[in-house]
Amino acid sequence: MVDPNDGVLVLAATPIGRIEDAPPRLASELATADVIAAEDTRRLRRLTTDLGVEIKGRIVSYFEGNETARTPTLLAELLDGNRVLLVTDAGMPSVSDPGYRLVAAAVEKDVRVTAVPGPSAVLTALAVSGLPVDRFCFEGFLPRKAGERSRRLASLAKEERTMVFFEAPHRTQAALEAMRDAFGDARAAAVCRELTKTHEEVRRGGLAELVDWAGDGVRGEVTIVVTGADPSAEIGNDPDSLRAAVADLQEADGLTKKEAIAEAAKRAGVPKREVYDLVHKPAE
């Protein structure tokens with residue numbers, strides 16, 4: 001039995017584009033919450049105006065910069081028996097947005113945590129990508145620094161599940177270039193831009209093709225979906241397998257020797273220089 005005097009933390013999904021996509025329950029939760037923690041209080045005001053909701057509870061900001069400091073205050077509200085509603089700018093709180101710390105703190109104190117399900121850029125992008133969706137993983141935002149980004153993607157080169165990434169528009173081309181280098185030119189992917197909004201666009205193709213497309217500039221919110229590695233395409237990292245792979249890539253795929261060496265190195269997970277040396281010296 002749930003004590004009606006116990007506090008409740010409610011994670012409420014908000015539209016990622018059209019206001020019509022707001023969950024029906026969102027309006028009633030906004031109207032009845034004791035405290036509303038919002039990533040951006042100005043966006044919250046616009047949201048409530050669009051929904052025709054009058055807020056009676058107290059509004060506090062809860063964003064990346066104050067999340068650590070404000071979590072104890074919100075936890076105290078919950079322990080006092082209040083209903084705390086958490087909303088972020090778009091989508092589900094705590095999914096690459098503020099929220100995880102408060103959820104973890106609430107769970108530790110046995111406070112009930114529930115959610116108003118609704119819009120999700122992750123699931124929407126997966127659904128429209130045209131890529132396999134039976135198994136997937138969410139990788140969030142890639143590191144901003146080129147070296148860290150490359151290392152993260154290299155660790156995912158053999159991931160067989162479809163991968164979903166968030167990215168800033170001004171870093172989309174660099175992210176796609178790093179993915180191309182880590183996963184190969186032909187790895188199938190989709191760039192989903194401005195999902196559910198007026199200028200929604202989904203570009204599908206190989207990573208090399210998408211890099212060229214992104215060269216003209218990308219605008220809006222971006223979600224990138226990349227198909228997982230094909231285990232049958234992997235090759236052994238012994239000398240004979242590597243030499244054979246380079247020869248096959250040249251003959252069957254029409255790659256130059258340089259391109260074939262780079263591709264074989266990626267698939268085998270070995271340094272390109274190692275494959276180069278093997279190909280350019282006679283087999284023993």
Side-chain angles (χ1 to χ4, degrees), residues 1-128 138 140 166 192 194-198 200 221 223:
M1 295 291 291
V2 176
D3 188 332
N5 295 317
D6 287 346
V8 179
L9 173 59
V10 183
L11 309 178
T14 55
I16 60 175
R18 300 173 184 272
I19 190 63
E20 300 94 322
D21 293 336
R25 223 178 88 210
L26 178 59
S28 62
E29 290 288 354
L30 287 166
T32 58
D34 298 305
V35 180
I36 300 175
E39 184 177 11
D40 186 326
T41 56
R42 292 167 299 180
R43 289 199 182 194
L44 172 64
R45 293 295 187 186
R46 288 198 293 271
L47 176 65
T48 55
T49 298
D50 290 341
L51 293 175
V53 174
E54 180 181 351
I55 293 178
K56 298 177 182 177
R58 185 163 60 89
I59 299 173
V60 299
S61 63
Y62 190 73
F63 57 94
E64 184 179 0
N66 72 358
E67 186 177 1
T68 299
R70 185 143 285 172
T71 291
T73 303
L74 292 173
L75 180 61
E77 295 280 1
L78 291 165
L79 294 175
D80 283 344
N82 289 313
R83 191 174 188 87
V84 176
L85 181 70
L86 178 59
V87 293
T88 52
D89 292 346
M92 178 61 71
S94 82
V95 180
S96 282
D97 274 331
Y100 167 75
R101 288 181 177 86
L102 183 55
V103 172
V107 169
E108 185 178 357
K109 294 295 184 180
D110 292 325
V111 173
R112 183 184 170 212
V113 180
T114 188
V116 178
S120 165
V122 177
L123 296 180
T124 303
L126 273 169
V128 303
F138 175 57
F166 285 163
C192 305
E194 293 290 85
L195 284 169
T196 78
K197 299 177 184 176
T198 302
E200 176 181 278
E221 300 291 333
T223 305

Exercise for review: May I have the step-by-step check of side-chain contact (heavy atoms from CB on, under 4.5 Å) for Glu67 and Tyr62, ending in yes or no?
Suggested key: CA-CA 6 Å; Glu67 186 177 1; Tyr62 190 73; 3.2 Å; yes

Checking Val60, Asp34, Val84 against Glu77 for side-chain contact (heavy atoms from CB on, under 4.5 Å), the one that qualifies is Val84

d(Leu86 CG, Leu9 CG) to nearest 0.5 Å is 6.5 Å

4.5 Å side-chain heavy-atom contact, Ile16 and Asp21: no

(Q) Keeping Glu108 on the side-chain end and Ala104 on the backbone end, is there a donor-acceptor pair under 3.5 Å? (A) no

OG1 (Thr71) and OH (Tyr100) are apart, to the nearest 0.5 Å, by 11.0 Å

### Task
Find out whether Asp97 and Asp89 are in side-chain contact, i.e. whether some heavy atom of one side chain is under 4.5 Å from a heavy atom of the other.
no

Check your understanding: Please walk me through it: do Val128 and Cys192 pass side-chain contact (heavy atoms from CB on, under 4.5 Å)?
Key -> CA-CA 8 Å; Val128 303; Cys192 305; 4.1 Å; yes

### Query
Quick check: are there more than 12 heavy atoms from other residues, nucleotides or ligands sitting under 6.0 Å from NZ of Lys197?
yes

Quick check against the 3.5 Å criterion: does Glu194 have a side-chain atom that pairs as donor or acceptor with the backbone of Glu221?
yes

To the nearest 0.5 Å, atom CG of Asp80 lies from atom CG of Asp6 at 11.5 Å

To the nearest 0.5 Å, atom CD1 of Ile55 lies from atom OG1 of Thr49 at 8.5 Å

Here the gap from Leu79 atom CG to Lys109 atom NZ, rounded to the nearest 0.5 Å, amounts to 7.0 Å

The residue among Arg46, Glu39, Arg45 that forms side-chain contact (heavy atoms from CB on, under 4.5 Å) with Arg43 is Arg46

Heavy atoms of Pro15 and Pro119 approach each other most closely as CA-CG, 3.8 Å

task: Would you check, one step at a time, whether the test side-chain contact (heavy atoms from CB on, under 4.5 Å) holds for Leu11 with Met92?
output: CA-CA 7 Å; Leu11 309 178; Met92 178 61 71; 4.1 Å; yes

Donor-acceptor pair, distance only, cut-off 3.5 Å: does the side chain of Arg83 make one with the backbone of Thr32? no

Counting distance only, does the side-chain N/O of Arg101 pair as donor-acceptor with the main-chain N or O of Ala69 below 3.5 Å? no

* Any donor and acceptor pair, going by atom type alone, linking the side chain of Arg112 with main-chain N or O of Val8 inside 3.5 Å? -> no

Taking every heavy atom of Ala12 against every heavy atom of Leu85, the minimum-distance pair comes out as CB-CD1, 3.6 Å

Review point. Under the 3.5 angstrom rule, does the side chain of Asn66 hit a backbone N or O of Phe63 as a donor-acceptor pair?
Key: yes

Rounded to the nearest 0.5 angstrom, the CG-OG1 distance for Leu26 and Thr14 is 7.5 Å

